[in-house]
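Just so we're on the same page: letters track the sequence lines, and every chain starts at 1. Scope of the values below: all heavy atoms of this structure, side chains included, with no hydrogens, waters or symmetry mates.
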Number of protein chains: 2
Amino acid sequence: MTGQVRTVDGRVAGRRGQATRQKLLECLSEMLSSSPYRDVKVIDVARMAGTSPATFYQYFPDVEGAVLELAEEMAKEGATLTDLVAGRTWTGKPAWAAAEDLVDGFLSFWRKNDAILRVVDLGAAEGDKRFYKIRMKILNAVTNSLTDSIKELQSKGRVDKTVSPAAIAGSLVAMLAAVAAHQKGFQSWGVKQAELKPNLALLVHLGVTGKKPTK
Amino acid sequence: MTGQVRTVDGRVAGRRGQATRQKLLECLSEMLSSSPYRDVKVIDVARMAGTSPATFYQYFPDVEGAVLELAEEMAKEGATLTDLVAGRTWTGKPAWAAAEDLVDGFLSFWRKNDAILRVVDLGAAEGDKRFYKIRMKILNAVTNSLTDSIKELQSKGRVDKTVSPAAIAGSLVAMLAAVAAHQKGFQSWGVKQAELKPNLALLVHLGVTGKKPTK
DNA sequence: AACCTAATCTGACGCTGCGTCAGTTCCTCT
DNA sequence: AGAGGAACTGACGCAGCGTCAGATTAGGTT
């Protein structure tokens, strides 16, 4: 399915090649964590990986291309976010637990991948379809599942007919992503990590069910 | 208050200087709208402004410095966002109107300034205090006002004691900012601009008051 | 009008990073 | 061991960076 890893000039990469490629990606990731995206240079990544710039270009067209690769990797791993919402019950006490777990999983996923995610966010906001698609891939699992849950509640008459499940779900997920991206910001605002979570869960619960949670 | 505009080497800029400086900022803004932040070069901005790179460096230390200037300008204008929330009533029908107006104002402000805002967002997420401060400046007016409203409802017993007004307000504002930044994204998701607004308003209302709106 | 001075602009330079290519080194298989 | 493909890199021409010394301009003065 994945198709073999190929060099820029189309050759199939072998064991050694894969290794350097991977090392380059790791170094890029580290670089992204420590310096502004605008300042990440091919030459720095290559130096950090103990190789030459020319080698970098053997595996990636440019920094952006490598970032996309990194993002793709992350998106695959991000598929596990589905577990946070799949098959959850959105009524009564289980709903509160579902909201809490969703928030928790989301925030920690974001914290773990914040460097790449903010680049993906930027790319998507700038209208780059490739980044946009990746962002979708990550958020879609959660959004779709939430959308379905809301639709179901709606069909049972527990949620107002006028709301658009997709809009609500999308907005809630966007909220989670935004708060996650600026977690540090909240802290210096006087909001502690610990009190952030339950309040986010509350908002999620309110959004999905339209009601206050029973804890 | 503002202190005169100064060149990089500390001289006070006169009429002509101000004009070119302004023109450079305009061209930068246009550039930011049309190409990825990473690809915006001093030389391009200078060319577009019909001047030389050296002139650019007379007024700004680098691209980032100029972007900060642009952002500062925008933040000043963004102070008008306060009007969207100041002195609003968050009970009954007026609450729904307040939520609607807030969403509406927020989205259009963001749409108007999307290019600079996404760079500010990036800078803030990367931990750059200067960008972070500007982001704060814009969001604070709204957040603080919302926080106060929630506190007030809380003191009247209309909102649960356990919620943290600051956390809720901050999250809601983050949501608005995030949705605004990815407005186009929502459309290709199958959510129309027109149905996005009332649903966002609903979420804001739910978050602030804890109750469904009476329209 | 001719002149002066401070403000403003720019050509030119050395430097760093980009992206490519031809040639070298390394590995693997026979 | 040696053939051949995989992997790496030195070197190059080009583009953008940031600086400086010197040219140009505006606008006031005599």
Return the value, rounded to whole Å, for the distance between atom CG of Asp9(A) and atom P of dG5(D).
14 Å
Considering only residues two or more places apart or on different chains, which pairs with a residue in residues 125-146 of chain A satisfy side-chain hydrogen bond (donor to acceptor under 3.5 Å, both in side chains)?
Glu64(A)-Arg130(A), Asp121(A)-Arg135(A), Asp128(A)-Arg130(A), Tyr132(A)-Ser188(B), Arg135(A)-His182(B)
With sequence neighbours excluded, what pairs up with Asp104(A) under the side chain to side chain donor-acceptor pair (under 3.5 Å) test?
Lys197(A)
Listed nucleotide nearest any side-chain atom of Tyr59(B), set dC8(D), dT10(C), dT8(C):
dT8(C)
Sorted by chain and number, sequence neighbours left out, salt bridge (Lys or Arg N to Asp or Glu O under 4.0 Å) with Arg38(B) holds for none
Contacts of type salt bridge (Lys or Arg N to Asp or Glu O under 4.0 Å), residue Glu77(A), not counting sequence neighbours:
Lys112(A)
Does Thr55(A) make a side-chain N or O approach to OP1 or OP2 of dT9(D) shorter than 4.0 Å?
yes
The residue among Leu139(A), Leu102(A), Val142(A), Val173(A) that forms side-chain contact (heavy atoms from CB on, under 4.5 Å) with Leu81(A) is Val142(A)
Measuring from the side chain of Ser52(A) (C-beta onward, heavy atoms only), which nucleotide among dT8(C), dG19(C), dT9(D) has the closest atom?
dT9(D)
If the condition is side chain to side chain contact (heavy atoms under 4.5 Å, CB included), which residues does Pro165(B) pass it with, not counting sequence neighbours?
Thr147(B), Ile150(B), Lys151(B), Gln154(B)
Summarise protein proximity over nucleotides 20-30 of chain C in one line of letters, 5' to 3': B for base, S for sugar-phosphate only, - for none, counting protein heavy atoms closer than 4.0 Å.
BB------S--
Mind running a 4.0 Å heavy-atom check of residues 18-51 of chain A against DNA chain D and sending the residues that fall below it, in number order?
Thr20(A), Thr51(A)
Rounded to whole Å, the CD-C1' distance (Glu64(B) to dC17(D)) equals 15 Å
Listing request: all side-chain hydrogen bond (donor to acceptor under 3.5 Å, both in side chains) pairs with a residue in residues 14-28 of chain A, at least two apart in sequence or in separate chains.
Arg21(A)-Glu69(A), Gln22(A)-Glu73(A)
Which residues satisfy the salt bridge (Lys or Arg N to Asp or Glu O under 4.0 Å) test with Glu152(A), sequence neighbours excluded?
Lys156(A)
Can you check the Asp62(B) CG to dG16(D) P distance for me, whole Å?
17 Å
